[in-house]
Amino acid sequence: MSTSRQEGPVEMMSRSSSAPPHRNDAHRGDGAANPHPGSYEKSQSRKRGLIGFLMAMPPIVVLVLFVGAPVVLAILFSLGYTGGLNQIAAEIGTNVHQGSPLSIGAYLDIFQDSRFIRDLMVTLVVTVAGTAAVILITTAIAVFMRMSRSKAGGLLAGLAVIPLFIPVVIASWANLIFYQSNGFLRSLFAQFGIQAPIWGFTTIGVIIASVWVNLPFSMLMTISGFQAVPDDLIDGARDAGASTFRIVREILLPLARTQILIATTLTAIGILGQFTVPYFIGPNAPTMLGVDIAKYYQSFNRPQQSVAIAVVMFIIGIGIAVTYIVTSVRGDDDAAKE
């Protein structure tokens with residue numbers, strides 16, 4: 001006959017005390033051991049940020065040493081600082097103004113020179129005319145390509161991108177050969193007894209070549225802006241009876257405004273600072289400021305004045321960039337209000 005022994009209250013208490021801790025108790029113990037569980041993640045995040053910063057340092061150092069420092073030294077040289085790394089250029093050059101500590105003599109020299117004022121006006125005219133022509137051509141091709149979706153639009157866009165693969169020197173020389181007095185255009189028109197215009201070594205030739213050189217990038221930017229417009233908007237406008245002109249004016253152009261502004265800004269800055277095109281195709285006088293810089297530095301041996309011209313071009317370029325930024329911000333504000 002088997003008998004079962006019942007446990008007493010003392011034995012039950014001893015067994016419960018020897019049982020393993022509950023899961024929640026273990027979690028509470030971990031939390032007590034590490035009162036700041038996010039500190040490890042923060043330290044790891046700081047380490048990753050430091051590693052990323054160190055990886056980005058080499059290109060930053062290169063930019064500071066080979067771009068930033070020379071720009072600062074050049075601006076100081078134009079303002080009369082002739083010490084340090086500017087000493088050699090100041091000793092070799094002529095008509096160098098030494099400041100105490102700074103001087104604007106170099107800027108007075110160029111602005112009192114009628115040739116500089118004339119070349120500055122030519123530079124602004126070429127920049128405005130060339131940029132306007134580039135944007136009009138690229139916008140027209142992009143609109144035609146977006147609205148028609150035909151092979152002709154793709155062919156035009158492809159032809160407009162061809163100058164991207166042709167070096168600027170070769171393109172400039174080709175334009176000169178094409179438009180000069182004994183070039184292809186004159187020879188072709190002479191077969192029909194017509195006197196074609198001579199655009200070689202003229203400001204008009206510079207504008208034409210500037211459009212040719214700067215067309216591809218603007219074409220790619222503008223096409224990307226128009227192609228990003230959803231088809232539903234265009235189809236809905238057509239179903240509502242909107243004309244093609246109204247679709248372009250009220251849908252395509254506003255939605256592609258950012259890409260058009262970027263293309264306009266970069267095209268204007270590119271034409272403003274170009275050297276090869278006006279050097280090959282433009283006349284000796286008047287010419288663009290890019291060629292003037294080389295003339296003042298090499299032919300006239302006036303390095304301080306050449307740097308002053310470069311600073312003037314730099315200020316104009318900043319003005320173009322600021323205009324783009326202000327226009328873009330205002331457009332975004334207007335869109336947000338609507």
Give every donor-acceptor pair under 3.5 Å between a side-chain atom in residues 44-55 and any protein atom, sequence neighbours left out.
none

- Query: Can you list every ring-ring contact (aromatic ring centres under 6.0 Å, His included) pair that touches residues 54-97, not counting sequence neighbours?
  - Reply: none

- Query: For the side chain of D292 and the backbone of T287, is there at least one donor-acceptor N/O pair under 3.5 Å apart?
  - Reply: no

- R246: partners by side chain to side chain contact (heavy atoms under 4.5 Å, CB included), with sequence neighbours left out: A242, S243, R249, E250

- Query: Going through the distances and angles, do D231 and R146 end up as a salt bridge (Lys or Arg N to Asp or Glu O under 4.0 Å)?
  - Reply: CA-CA 10 Å; D231 293 336; R146 184 67 178 84; 2.6 Å; yes

- With hydrophobic residues grouped by side-chain heavy-atom distances under 4.5 Å, do Y296 and I316 end up in a single group? yes

- Item | By side chain to side chain contact (heavy atoms under 4.5 Å, CB included) - contacts of N284 (at least two apart) | none

- For residues I293 and S306, report the shortest heavy-atom separation together with the two atoms involved. O-CB, 3.5 Å

- Message: Restricting to non-hydrogen atoms, name the atom on V96 and the atom on A90 that form the minimum distance, rounded to 0.1 Å.
- Response: CG2-O, 3.7 Å

- Message: For residues I223 and V211: do they belong to one hydrophobic cluster (side chain heavy atoms under 4.5 Å, members Ile, Leu, Val, Met, Phe, Trp, Tyr)?
- Response: yes

- Query: Going by the ring-ring contact (aromatic ring centres under 6.0 Å, His included) test, which pairs reach into residues 99-140, not counting sequence neighbours?
  - Reply: F111-F116

- Task: State which residues pass side chain to side chain contact (heavy atoms under 4.5 Å, CB included) with V322; sequence neighbours excluded, sorted by chain then number.
- Result: I318, V326

- Note on the structure: With sequence neighbours left out, the residues meeting side chain to side chain contact (heavy atoms under 4.5 Å, CB included) with A196 are L185, R186, F189

- Task: Give every residue pair that meets the ring-ring contact (aromatic ring centres under 6.0 Å, His included) criterion with at least one member in residues 237-291, sequence neighbours excluded.
- Result: F275-Y279

- Should the heavy atoms of other residues, nucleotides or ligands under 6.0 Å from CG of L85 be counted, would the total exceed 12? no

Less than 3.5 Å apart, which donor and acceptor atoms pair up between the side chains of residues 152-178 and the rest of the protein, not counting sequence neighbours?
from : atom 1 : to   : atom 2 : distance (Å)
S172 : OG     : V168 : O      : 2.8
N175 : ND2    : A171 : O      : 2.7

Which pairs of donor and acceptor atoms, one on a side chain in residues 123-130, lie under 3.5 Å apart (sequence neighbours left out)?
from : atom 1 : to   : atom 2 : distance (Å)
T123 : OG1    : D119 : O      : 2.8
T123 : OG1    : L289 : N      : 3.0
T127 : OG1    : T123 : O      : 2.7

- Joining Ile, Leu, Val, Met, Phe, Trp and Tyr whenever any side-chain heavy atoms lie under 4.5 Å apart, the cluster holding V143 also takes in I135, M147, F226, V229, L233, I234, I247, V248, I251, L252, L253, L255, I260

- Donor-acceptor pair, N301 side chain versus I92 backbone, under 3.5 Å? yes

- Taking S224 for the side chain and M221 for the main chain, is one N or O donor matched with an acceptor at less than 3.5 Å? yes

- Set of ring-ring contact (aromatic ring centres under 6.0 Å, His included) partners for F314, sequence neighbours left out: none

